[in-house]
Every structure is written in structure tokens, then in C-alpha cells.
Amino acid sequence: MENPKNIAEKLLKPYDPTETESRIYKLWEESGPTMQPGGFFNPDNLPGNREKAFTIVMPPPNVTGILHMGHALATTLQDTMVRYKRMQGFKTLYIPGTDHAAIATQSKVEKEIKKNENLSRHDLGREEMLKRIEAFAKQSHDTIISQIKTLGASCDWSREAFTLDEKRNLAVNTVFKKMYDDGLIYRGNRIVNWDPKGQTTIADDEIVYEERKAKLYTFKYSKDFPISISTTRPETKVGDSAVAVHPDDTRYTEFVGKEYNIEFCGVPIHIKIIADEEVEKDFGTGALGVTPAHSQIDWEIADRHDLPRIQVINEYAKMMAGGENLLGKKTTEAREVIVEWLKSEGLLEKEEEVNQNIGTAERTGGIIEPLPKLQWFVNVNKEIPGRGKTLKEIMREPLESGKIKIIPEYFNKTYFHWIENLRDWCISRQIWYGHRVPVWYKGEEIFVGDKAPSSEWVQDEDTLDTWFSSGMWTFSTLGWPEQTKDLATYHPTDVLETGYEILFAWVARMVLMTGYNLDSIPFHTVYLHGTVRDDKGKKMSKSAGNGIDPTDMAHKFGIDATRMSLLVGNTPGTDVAVSENKIKGYKNFANKIWNITRFILENLAVEPLDSKLSGPTAKSEDLINEFKKVTADITSDMENYRFHLASEKIYHYIWHRFADEIIEQSKTDAEIKPALLPIWTDCIKILHPFMPHVTEEIWSIMPGTDKLLIIEAWPQI
RNA sequence: GCGCGGUUAGCUCAGUUGGUAGAGCAAUCCGUUUACACCGGAAAGGUCGCAGGUUCGAGUCCUGCACCGCGCACCA
């Protein structure tokens with residue numbers, strides 16, 4: 001407790017959030033039993049007999065730079081829940097961590113090196129490149145951690161994890177081996193999404209579709225060929241091995257089964273005419289030139305009809321077939337060559353402009369080139385030995401049964417819809433930063449495990465999809481595969497709070513990994529927040545230059561104010577608009593509660609509100625009862641994840657009921673006075689999860705408060 | 001094409017099981033010997049997208065439509 005003189009002086013000045021917030025955060029970090037790390041953020045240090053655990057794992061931010069407003073929103077929601085539960089007497093654990101974000105991080109560093117030194121990763125070599133990336137990741141990590149602290153996150157730093165550290169690597173390798181032994185992971189030569197820019201495969205859900213104008217060409221392979229076909233990519237046609245028509249399409253029935261040898265732009269091709277249900281009669285000419293090596297659908301058609309798969313485009317999106325006119329040319333150049341050739345031969349029948357969705361790589365922006373490659377896959381449709389179900393079913397089951405609830409509920413449908421369309425998951429990547437595929441080769445022999453049996457074995461060159469490791473986040477952070485005490489105490493976790501945009505990429509994979517490895521669920525509740533937008537409704541982004549930096553806001557208005565602006569009126573699953581003006585409004589609110597405290601304490605000094613002196617009055621009892629109802633209402637909102645209402649209600653009560661009316665009346669009506677301190681004490685408690693710093697600071701100067709607010713009990717109803 | 005959301009005050013959005021429309025910001029007027037001008041008071045502002053239906057009663061439930069946004073699939 002500070003001495004009263006300092007208190008008065010402090011309260012006489014307007015509230016200074018910047019100075020207070022960093023000081024208060026340190027106070028928390030150093031709180032609790034001495035010699036124990038983590039302060040009261042560490043559940044082991046919490047006082048009292050706390051039987052029930054409440055756990056949130058922080059979705060680990062990518063170590064690719066700095067945090068943005070979206071992180072601030074996520075952290076605020078998580079921390080609000082955690083602080084509320086801590087006050088409710090739970091053994092509360094909030095685990096922090098960061099994500100190595102394989103492709104995102106590597107491509108960022110590659111870009112930098114290219115720009116500054118004009119070198120590629122191959123110029124540097126694997127070892128040197130990794131050193132550079134790790135140095136960048138380390139620096140990025142440090143920035144991010146200090147930012148998370150600025151946000152006021154009450155997470156247990158003694159349990160901090162990284163998706164690519166040693167413990168998480170053991171978890172990854174353990175899972176890989178288990179899945180391999182169960183026949184769920186296989187290596188296969190299949191068509192994959194190749195990113196020529198990033199020089200790696202990517203998963204289906206890492207593709208971003210962009211609508212672009214393209215030309216649809218209709219032509220025949222040769223004058224003698226009986227059927228015309230349409231394509232936007234004539235350059236791939238040198239890899240065709242069939243023309244497919246619908247079985248019911250009478251126009252072409254007579255040709256089905258016939259085969260033709262053709263010289264197409266100088267490349268000899270062999271075309272068989274086949275009938276396949278997949279072909280739409282009404283699109284183009286109703287006939288599809290089948291290019292098995294460069295189209296997902298065509299690859300599947302080739303499976304059914306046993307067609308040859310001729311690769312004509314390489315990893316650099318350059319032609320690997322044809323004579324001088326084509327060989328080594330970029331696909332776009334080759335396209336022109338072929339169109340010219342078609343024209344000169346009189347084969348081109350039609351050229352029309354169409355809109356087409358083109359797949360690009362999420363991280364590098366490269367145009368996806370479907371290519372056949374030898375890769376590692378997770379089979380999502382194979383029955384797991386001894387379990388009688390598939391991984392797909394594991395992903396679906398807990399949401400169907402209601403063991404896992406998504407907030408808002410309507411995202412359930414989206415989730416199921418996604419699972420229905422799910423194909424085998426390509427998990428290998430040709431980048432260097434990440435968990436290396438735990439497979440070793442010696443001649444024809446193959447070894448799968450955590451470490452090579454001996455130095456003669458050569459490890460697989462590839463690394464794993466970053467989501468393979470983040471899928472294990474809820475249990476790898478708790479020490480799995482070791483059967484730790486933490487794992488027994490804190491898993492399944494309670495709430496996963498994240499953005500709706502990674503429902504599939506991450507949430508579904510966590511359900512998969514936990515169901516498969518622990519025969520359990522990763523969490524009970526998924527709380528999805530929306531995208532942070534500017535006051536004009538535009539998505540905040542670097543390129544648009546409309547981003548608001550949460551750290552800047554913390555300096556300007558205080559992080560408590562920023563947190564409130566992100567919470568109030570922000571319903572789950574809905575995008576939220578944030579402006580400096582809104583944040584400023586809550587800075588004023590922080591100052592308001594500062595001054596309310598000053599008023600009450602000054603009043604108290606003049607005229608002690610000790611019950612023996614003034615005693616409770618009928619009027620004060622009524623006000624306290626009225627406030628109990630508000631407390632009950634807010635508590636119910638907190639229990640039901642209605643933080644947008646809870647935060648607004650306490651704000652509204654404090655300002656427009658307590659300050660504007662009750663305090664004002666107390667100036668003339670002494671019978672109201674005994675209500676002031678009890679109500680205000682509880683208001684500060686209720687406000688704490690939302691605005692932790694200013695409330696902790698006020699708490700320290702309130703009478704009769706001998707411990708920190710962070711471990712105070714939530715007001716009883 | 002399939003699916004999901006939205007449409008409420010000038011702007012940004014709440015409105016939890018149907019019961020007389022709410023907040024913040026902005027704009028208007030008044031107020032400063034005061035806990036706080038980072039303030040207080042007052043007034044103003046809405047046929048709750050459109051059309052039907054259920055109901056004693058609909059912003060809320062049902063049907064259809066329009067527009068905006070998003071996801072998935074297709075994209076020869």
C-alpha cells in the first residue's frame with residue numbers, strides 16, 4: 001500500500017496510461033511466490049485451492065515481423081477470458097508461443113536477401129540460408145513477445161513454446177512415425193499444387209483464387225482430327241493423351257475408342273478418344289483435351305482410363321517438351337507460339353475472352369502449376385487400424401456430437417462442407433525452414449523415426465507443412481509425447497480463440513491431430529473473431545496503408561483503451577471496424593474511472609464511510625441491489641461469450657448510471673454515500689478483464705486492498 | 001453452381017427464448033468557484049432492404065425477392 005500523500009498527488013493528475021501500463025505488467029510478472037517463474041500468470045503460483053483448470057493456448061503468431069490489430073483483437077479476447085476465469089477461481093493457464101510459419105518466414109527472408117544481396121537461397125546453400133532465417137526468426141520473436149506483453153496478455157511465460165523447438169520436433173516426429181506405421185502417411189507420385197515462385201508444393205487450402213480475364217481457344221489438334229476442343233492453356237496440349245467426351249453425348253459416340261497419332265506443333269502426340277462422366281456436354285465443344293500431368297481433374301480421368309501422363313512443364317514453369325520453338329520457353333511464351341502455329345495451320349476456330357479463377361500461392365503470389373511430383377501425403381479416407389474410422393471421420397465427429405462447439409454456431413456448416421471436399425493432405429514442402437521429414441534412406445532401404453540409425457543414412461530433403469506441427473499445438477505445448485502432469489491437468493484445453501479464416505487450415509487439423517493421437521479433442525469451444533477493418537470498412541493491410549499499429553495505439557491512448565475499442569460491439573464471427581476516434585473514446589473512459597476513484601477517495605477522507613459511522617441506508621441498499629442485477633447480467637454474458645455486451649454494459653453502467661446519476665445525487669443526498677465504495681470496488685473488479693492495467697492501478701490505491709486485483713475474486717451475485 | 005452471413009439513426013454497430021426501437025462517434029443548443037472539459041445537461045435523428053405469411057403482438061419466426069460481403073466447387 002502506498003502512502004496517502006502519494007495517492008492524492010497521483011490522482012490529481014489525469015491518468016497516464018503509458019507509464020502505468022508497462023509498470024503494472026512488470027508488477028504482475030514479478031508477483032506471486034518468490035523464486036517461482038511466471039508470477040500469477042503461472043497457475044502453479046495462484047493462491048487458494050483451485051481444483052478446476054481453465055486453459056487457452058495462444059494461437060502462435062508467425063515470426064514474420066510485427067503484430068497487427070488482428071493480433072491485438074485475438075489477444076484481448078483470450079486475455080479477457082483468462083482473467084475472468086482466474087478471478088472465478090480456476091487454475092488458469094494461458095500458454096504463449098510463436099509459429100515458425102515455414103513458407104511465410106522463408107519467403108520473407110528470401111525476398112530480403114534477393115533485394116539486398118541479389119542472391120538466391122541456392123546461392124547461399126541450405127546451411128547458411130537456415131542460419132539467416134533463424135536469425136530473422138529470433139529477432140522477430142523478440143519483437144513479438146514484447147508486443148504481446150504490451151497488449152497485457154496474462155500468459156505464463158515459463159511455459160512459452162515455439163512450433164519448431166526441440167520438444168515440438170519430438171512431437172512432430174513421433175506423430176509422423178505413428179501415422180506412417182498406420183499406413184496413413186504415404187509417399188506417392190501424384191499431381192500437386194506447385195508454386196514455381198516459392199519452388200515448393202502447397203496444400204489445397206493455401207491457394208488463393210483470383211479472377212482474371214483469359215482467352216479460351218477452340219481448335220482441332222490437326223486437320224484430320226474429328227473433334228474440336230477448347231482450352232485457355234494451349235501450351236499444355238503437347239502433353240495431351242486423350243480427348244474425353246460425355247458417354248451420353250451422341251455427337252461423339254462414333255469416335256469413342258479410336259486412337260490418333262498427331263504431330264502437334266512439332267510434337268508427336270497420341271490421342272485416344274474416351275468417354276467419361278466428368279465431362280460436361282454443354283461446356284465449349286463438349287469435348288475435353290486430357291492433360292493428365294497438368295490438371296487435377298485430368299489426372300483423375302487418367303487414373304480411370306489408364307492413360308499415359310506426359311509431363312511437359314517443369315518446376316520453373318518452363319516447357320520441357322518440343323523442339324527449339326518451345327523447349328525451355330516460359331508457359332506464357334509457349335502459349336503464343338502454339339496459338340500462332342494453330343492460326344497458320346488454319347486449325348483455330350474460335351478465340352473468346354472468359355473470366356477464369358486462377359490459383360495463386362497464398363504466401364508468394366506465384367501462379368500455381370499443377371505438376372506430378374513424388375510427395376508425402378496424409379490419407380484422410382483410409383480406415384485407421386484398430387479405430388474403425390478415418391481421419392475425415394475423426395475431424396467430423398466431435399462437431400457433430402457437440403463435444404466441440406463453434407461460436408458463432410453457423411460456422412459448423414462451413415466446417416462440414418469443407419471436410420466433404422477434403423482430399424489427401426500433401427504435407428511435404430521443398431523449402432528448408434521447418435521440421436525436416438523424419439525419413440532416412442540407405443540405397444533401397446527406408447527408415448522412419450526420430451533419429452537416423454547411423455550416419456550412413458541420408459535424410460529426406462523435404463520439410464513438413466507448417467500446419468502439420470501447428471495441428472499438435474494444444475498438446476505439444478503441454479509436453480506430449482511425454483505423459484506430463486501439465487497434459488493431465490490442462491488438456492483438453494477449454495477455448496480456442498482464433499480468426500474464422502483459419503477454421504480449416506488450423507482448427508480442423510487440430511481436431512484431426514488430437515483425435516488421432518490422444519483419442520480426444522483439443523478444446524471444447526472454438527470462438528471465432530472477425531477481421532479488423534478501418535472505419536471505412538476496409539481490411540487493414542500494409543499495401544493499403546490503412547493499418548493501425550496496436551503498439552502505436554498503446555502509446556497514444558493506452559492498451560486498455562485499445563482493448564475496449566476492440567471488444568465493445570464486436571460480435572463473434574463478425575468483422576469489426578476500429579478507428580483512432582473509437583480508441584480515444586475509451587481513453588477518456590480510463591480517465592473517467594480515474595476521476596471517479598478520486599472523488600470517492602476524497603469523499604472518504606473527509607467523511608469515512610465506515611458502516612459504524614454512516615451505516616447502510618435503505619437508499620444505499622437499493623442501489624447495491626440494483627448493481628447486483630447488473631453484475632448478474634454481466635456474469636451471464638461472460639459465461640456465454642458475449643464479451644461485446646459485457647464490456648458495453650459495465651462501461652455504460654459506470655459512466656451513465658454510477659457517475660452521472662448516483663455520484664451526482666450523492667453530492668446532495670448523504671443516504672446514498674454508503675453505496676459508493678462497495679459498488680465501486682466491484683465495478684473495478686468487473687472491469688479488470690477488459691481494462692486490466694488501469695483497474696490494477698486503481699486497486700492499489702483503494703482502501704482495504706492488500707493483494708493484487710488479478711487474483712481477486714469476481715463479485716458474488 | 002452449392003453454401004454461409006449481412007441489410008436497423010449521418011457513420012460504425014448492438015439488440016441473448018417475439019412484448020412500447022439502443023449505444024458509441026459525428027452534428028445542434030446550453031453550461032465551467034470544478035471528481036473529471038479526457039466534463040455535465042438538453043434536444044434532434046429510424047416506415048429496422050422490399051413483398052407476403054404466422055401471431056393478440058414481428059427488427060426478432062416462416063416464404064419469396066433484391067443488393068452487398070464471404071467460403072467452397074467449377075474454371076476444357
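To find a chain, count down the sequence lines: A is the first, B the second, and so on, and within it residues start at 1. Any value given below was found using the heavy atoms of this structure, including those in side chains, with hydrogens, waters and symmetry copies removed.
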Counting only side-chain nitrogens and oxygens, does Lys592(A) get under 4.0 Å of the OP1 or OP2 atom of G40(B)?
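So the side-chain polar atoms of Lys592(A) do come within 4.0 Å of the phosphate oxygens OP1 or OP2 of G40(B), strictly under.
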
Which part of the nucleic acid does [X] contact within heavy-atom distance under 4.0 Å: base, sugar-phosphate only, or nothing?
X: Leu503(A); result: nothing
X: Leu216(A); result: sugar-phosphate
X: Asn355(A); result: nothing
X: Val290(A); result: nothing
X: Glu280(A); result: base
X: Thr232(A); result: sugar-phosphate
X: Ala659(A); result: base

Tell me whether Arg396(A) is salt-bridged to Glu420(A), with the criterion being a basic N under 4.0 Å from an acidic carboxylate O.
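Here Arg396(A) does not pair with Glu420(A) in a salt bridge, since their nearest N and O are not under 4.0 Å apart.
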
Taking Glu580(A) first and then Lys556(A), would you say they form a salt bridge - that is, a charged N and a carboxylate O separated by under 4.0 Å?
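So Glu580(A) pairs with Lys556(A) through a salt bridge.
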
Where the side chain of [X] is defined as all heavy atoms beyond and including C-beta, which of [options] is the nearest nucleotide?
X: Ile596(A); options: G3(B), A35(B), G40(B); result: A35(B)
X: His417(A); options: A35(B), A73(B), G71(B); result: G71(B)
X: Asp660(A); options: C2(B), C4(B), G40(B); result: G40(B)
X: Phe504(A); options: C72(B), C38(B), C13(B); result: C72(B)
X: Pro14(A); options: C38(B), A35(B), A73(B); result: C38(B)
X: Gln356(A); options: C75(B), G71(B), A35(B); result: C75(B)

Main chain of [Y], side chain of [X]: is a donor-acceptor contact present, judged purely on distance under 3.5 Å?
X: Lys582(A); Y: Ser565(A); value: yes
X: Asp669(A); Y: Glu671(A); value: yes
X: Asp298(A); Y: Ser295(A); value: no

Tell which nucleotide pairs with [N], taking only Watson-Crick or G-U wobble pairs whose two distances are both under 3.5 angstrom.
N: A27(B); result: none
N: A35(B); result: none
N: G52(B); result: C62(B)
N: U47(B); result: none
N: C4(B); result: G69(B)
N: G57(B); result: none
N: A9(B); result: none

Which atom pairs link the protein and nucleotides 24-28 of chain B when you take only N or O atoms and keep those under 3.5 Å?
from   : atom 1 : to        : atom 2 : distance (Å)
G24(B) : OP1    : His656(A) : NE2    : 3.0

Anything under 30° is parallel, anything over 60° is perpendicular, the rest tilted; go ahead and classify Tyr252(A) against Phe255(A).
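Geometry flag for Phe255(A) against Tyr252(A): tilted rings.
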
Grab the N/O contacts between the protein and nucleotides 14-18 of chain B below 3.5 Å, and write none if there aren't any.
from   : atom 1 : to        : atom 2 : distance (Å)
A14(B) : OP1    : Thr571(A) : OG1    : 2.5
G15(B) : OP1    : His644(A) : NE2    : 3.2
U16(B) : O2     : Arg642(A) : NE     : 2.7
U16(B) : O2     : Arg642(A) : NH1    : 2.6
U16(B) : O2     : Arg642(A) : NH2    : 2.7
U16(B) : O4     : Lys649(A) : NZ     : 3.3

Taking only residues two or more places apart in sequence, or in another chain, which ones meet Lys258(A) in a salt bridge (Lys or Arg N to Asp or Glu O under 4.0 Å)?
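Expected list: none.
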
Hey, is the side chain of Glu664(A) pairing donor to acceptor with the base of A35(B) inside 3.5 Å?
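For Glu664(A), whose side chain was compared with the base of A35(B), there is a donor-acceptor pair (under 3.5 Å).
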
Between Tyr260(A) and Phe225(A), does the ring centre distance come in under 6.0 Å?
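Ring centres of Phe225(A) and Tyr260(A) closer than 6.0 Å.
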
Matching residue for Tyr653(A) among Val630(A), Ile634(A), Thr631(A) - test: side-chain contact (heavy atoms from CB on, under 4.5 Å):
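Among the candidates, only Val630(A) passes.
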
